[in-house]
Participant: 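First, the structure itself, so that you have it in front of you.
Every chain is numbered from 1 and lettered A, B, ... according to where its sequence line falls, protein lines coming before strand lines. Model, not experiment: these values are computed from the prediction.
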Amino acid sequence: MTKWLVKTEESVYSIDRFQSDKKTVWEGVRNYQARNYLRAMQKGDEVLVYHSNSDPTAIVGLAQVRLTAFADPSQFDPKSEFFDPKASKEAPRWFCPEFGFVKKFKRPLSLEHLKGQSDLKGMVLLQRGSRLSVQPVTDKEFTLILKLAE
DNA sequence: GCCAACGTTGGC
DNA sequence: GCCAACGTTGGC
């Protein structure tokens, strides 16, 4: 099974909020590469949750795919900030899975800390200019991250 | 708030 | 299909 990482701005949707919601539909992703990854997610896949634009920016917890991706309802809603006039119910452009909350890490792993791990040099998150908000994570990276976090 | 990096749009 | 202009992301 593939492992993943998703970004969220703490001020927009935090790990604490996710913890109290217990599950969440990961809507609003509007980037094709990220969308393709969302669609590739399988039920049960494990997903690292990362706080971007936060202090500190860090991997803060773990989620699991509950439902594979379906048409993101926000693309059809003219009142939504994620509304896409080019999308239709017949031909949706954007998709979202549903995640279940698994845990909040005892120790959030800051970007700075992650950069110091030589075994994580290849991580998509750590590549220069990497902005992708949904990323695959290798098994090796995933195992190490869990070890560091717990 | 700045700005580098990258993605998207649209004229041609 | 190219590419300039513009928009967004996200670290700092």
Participant: Could you state the CH2-P distance from A/Trp94 to B/dG7, rounded to the nearest angstrom?
Facilitator: 13 Å

Participant: Looking at C/dT8, C/dG10, C/dC12, which one has an atom nearest to any side-chain atom of A/Ser133?
Facilitator: C/dG10

Participant: Closest approach of A/Arg17 and A/Val12, non-hydrogen atoms and distance?
Facilitator: NH1-O, 4.4 Å

Participant: Round to a whole Å and report the spacing from CD of A/Glu81 to P of C/dT8.
Facilitator: 11 Å

Participant: For A/Gln127 and B/dG7, what is the distance between atoms CD and P respectively, to the nearest whole Å?
Facilitator: 14 Å

Participant: Starting at atom CZ of A/Arg35, determine the distance to atom C1' of B/dG7, rounded to an integer number of angstrom.
Facilitator: 14 Å

Participant: Please check the phosphate of C/dT9 (OP1 and OP2 only) for any side-chain N or O of A/Lys7 closer than 4.0 Å.
Facilitator: no

Participant: Using the ring of each side chain (for Trp, its six-membered ring), is A/Tyr13 parallel, tilted or perpendicular to A/Phe18, with breaks at 30° and 60°?
Facilitator: tilted

Participant: A/Trp94 and ring-ring contact (aromatic ring centres under 6.0 Å, His included): which partner among A/Phe82, A/Phe76, A/Tyr32?
Facilitator: A/Tyr32

Participant: Using whole Å, report how far CD of A/Glu9 lies from C1' of C/dG11.
Facilitator: 12 Å

Participant: Atom CZ of A/Arg93 to atom C1' of B/dT9: distance rounded to whole Å?
Facilitator: 11 Å

Participant: Starting at CZ of A/Phe82 and ending at P of C/dT9, how long is that distance when rounded to a whole Å?
Facilitator: 9 Å

Participant: Distance check, rounded to the nearest 0.5 Å: A/Gln64 atom CD versus A/Lys43 atom NZ?
Facilitator: 9.5 Å

Participant: Whether A/Tyr50 contacts C/dG11 is assessed here as follows: a side-chain N or O lying under 4.0 Å from the phosphate OP1 or OP2. Is that the case?
Facilitator: yes

Participant: If you check the A/Gln33 side chain, which of B/dG10, B/dG7, B/dT8 turns out closest?
Facilitator: B/dG7

Participant: With nearest nucleotide decided by heavy atoms, which residue, A/Asn53 or A/Ser130, maps closer to the 5′ end of DNA chain B?
Facilitator: A/Asn53

Participant: What integer distance in Å separates A/Arg131:CZ from C/dC12:C1'?
Facilitator: 16 Å

